[in-house]
Amino acid sequence: MEYTPDVDLDELCPVCGDKVSGYHYGLLTCESCKGFFKRTVQNNKKYTCAETRDCRIDKTQRKRCPSCRFQKCLHVGMRLEAVRADRMRGGRNKFGPMYKRDRALKQQRKALMQAAGSSHDQQGFSVHPDLVSPRTPLPTAQHDDMRCLLPSLRCLLPSDLPSPSQHHGNYLSNWTINSSSAARAYTSSPPPGPGVPALVLELLRCDPDELQLQNKSAARLLQEQSGWNQHGRLDTFRLTCLLADQMLFFMVDWARTSIFFKQLKVRDQMKLLHNCWSELLLLDIISRQVLYGREDRLLLVTGQEVELSEIVAHASPALISLVQRGQNLVEKLHILKVDRQEFACMKFLTLFNPDVMELEDHQFIENVQEQVEGALLEYTLCTSTRYLERFAHLLLCLSELRSLSMLAEEYLCCKQLSADVPCNNLLIEMLHAKHSWP
DNA sequence: TTAGCCTTGAAG
DNA sequence: CTTCAAGGCTAA
């Protein structure tokens, strides 16, 4: 078993891919990007891109476009506040504890990956190499402060840690909005980059960190698996439901802390989520494939991969057609090279659906829909020459997503009728909600 | 301007 | 005391 004592330093700089030299301005970066970021912020430098604001930044080309380099610095999560206005040397800043937590998280992640890798090898699972040395931004303070929200754990595993009391019984009915922590999350937004609409940046900031999702879901899955292994073989479908259930909790957590959504009354929040949960779930899976996935494999939220051929080999015709339609959509979005910004907009467009019946704050929801649509259009205008066509394609994908999600819900309903779905979880609550509204 | 190495100094 | 992420310096 390979062991590297210096866990942090074998990673690559998320900006340019060079060797990292330590934590700088919020995350692990190389020495040169540290210096570049410092010079840019200290001297209040303004750059302009001579190309189309999407220059590749790597070790050999990082000097060519400072504009895109700085943009990337901000995008991966380097923090302006960490550059000191008074230029005081030495000492520590408020990020110290965050660095410490991040180190612990990485350590834990590494152990998890080793455990997951060895225990899944016989089952055809593998671990995505890009995710072992991540290219996603590091967790920020706001994510670290978020408590681990897994109330479903309570119902499925009663012996587990106690969860907050508001999560007893019906998961959504008496769920409360923690506005103070939500407000804190958006107090310091980076300055809008050239061409990227401020709202798009804001929506992107609401996106959870992929690595944290991985850690939480992988830990949960391993725990479940160890429990099952004592009593018999693990059931794949049951495991899938568990994973979907987990993803639903992440989704609810994302929504409740997101801009606009947190301003809504709980009743409207529930209606919106009940309406679009399956779309958001699929969009989440699909965006993961487009952004990080590899061909002919399904990348799970846990960071594990499953061969598509393996799924198809064991699936019913209904499931096979679902998988194929999903793959077509992945392919389409992949060709379009849809990025995180656009996916973030698409998530909000899906969530803020003004067609939902009996909304109390219908006007507001319609406004949000229009604002996000406008921001997405503006964004495509900056990033694509054939922006109208691109924008139309993206909306078309959303409508395909809608019909796909309806098929998926039908599939789940059939499965549930045959009592294959484990009951008493958020997935089933969502499945039933749409039909049981007054 | 860049990027590797140096100095500093509060936190642990 | 040690640590290590800030800022500083300087040759290329």
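Note that the coordinates shown come from a computational prediction; the quantities given were computed from them, not determined experimentally. Lettering of chains follows the sequences in order, A, B, ..., and the numbering in each one begins at 1.
Within 4.0 Å of A/R84, counting heavy atoms only, lie sugar-phosphate atoms of the nucleic acid but no base atom. Residue contacts for A/K45: at a heavy-atom cut-off of 4.0 Å it reaches the sugar-phosphate backbone alone, with no base atom in range. Using a 4.0 Å heavy-atom criterion, one finds that A/R39 contacts the bases of the nucleic acid, with or without backbone contacts as well.
Where A/F36 and A/E31 meet DNA chain B, the nucleotide closest to each residue was compared, and A/F36 sits on the side nearer the 5' end.
One can place CZ of A/R79 at 11 Å from P of C/dA6, the figure rounded to the nearest angstrom. Distance, A/Y25 OH to C/dC4 P: 18 Å, rounded to whole Å. Summarising the geometry, the separation between CD on A/E81 and P on C/dA5 is reported as 17 Å, rounded to the nearest angstrom. Summarising the geometry, the separation between NZ on A/K100 and C1' on C/dC4 is reported as 14 Å, rounded to the nearest angstrom. When rounded to the nearest whole Å, the span between NZ of A/K94 and C1' of C/dA5 equals 15 Å. As rounded to whole Å, 7 Å separates atom P of C/dA5 from atom NE2 of A/H24. Regarding A/M88, its CE atom lies at a distance of 15 Å from the C1' atom of C/dG8, rounded to whole Å. Atom pair A/R87:CZ and C/dA6:C1' shows a separation of 12 Å (rounding to whole Å applied).
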Report task. Just do the side-chain contact (heavy atoms from CB on, under 4.5 Å) check on A/E342 and A/R390 with the steps written out, would you? Result -> CA-CA 11 Å; A/E342 289 163 324; A/R390 183 179 183 83; 2.8 Å; yes
Report task. Would you check, one step at a time, whether the test side-chain contact (heavy atoms from CB on, under 4.5 Å) holds for A/C33 with A/R69? Result -> CA-CA 9 Å; A/C33 289; A/R69 189 181 186 182; 3.4 Å; yes
**Report entry** Pair A/V200-A/L376, side-chain contact (heavy atoms from CB on, under 4.5 Å): steps then yes or no
**Finding:** CA-CA 7 Å; A/V200 174; A/L376 178 58; 5.9 Å; no
Report task. Mind running side-chain hydrogen bond (donor to acceptor under 3.5 Å, both in side chains) on A/E31 and A/S21 for me, showing each step along the way? Result -> CA-CA 6 Å; A/E31 195 63 24; A/S21 67; 2.8 Å; yes
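Taking only side-chain nitrogens and oxygens, A/Q42 never comes nearer than 4.0 Å to OP1 or OP2 of C/dA6. Listed pair A/Y99 / C/dA6 meets the phosphate criterion, a side-chain N or O lying under 4.0 Å from OP1 or OP2.
In this structure, the helix from B/dT1-C/dA12 to B/dG12-C/dC1 shows an angle of 0° between the axis at its start and the axis at its end, each fitted on 5 base pairs and rounded to 10°.
Closest approach to the A/R92 side chain among C/dC4, C/dA5, C/dG7 is made by C/dC4 (side chain taken as heavy atoms from C-beta onward).
A/I57 is listed as a side-chain neighbour of A/C16, based on a closest heavy-atom distance under 4.5 Å.
Where DNA chain B meets chain A (any atom under 4.0 Å from a heavy atom), the bounding nucleotides read 5' to 3' are B/dT1 to B/dA11.
Of the charged side-chain nitrogens involved, at least one lies within less than 4.0 Å of a carboxylate oxygen, so that A/R288 and A/E210 count as a salt-bridged pair.
For the pair A/E11 (side chain) and A/K19 (backbone), a donor-acceptor distance under 3.5 Å is absent.
Closest approach of A/Q371 and A/F260 over heavy atoms only: OE1-CZ, 4.0 Å.
Using cut-offs of 30° and 60° on the angle between ring planes, the pair A/Y47 and A/F36 is parallel.
Atom CZ of A/R325 has more than 12 neighbouring heavy atoms from other residues, nucleotides or ligands inside a 6.0 Å radius.
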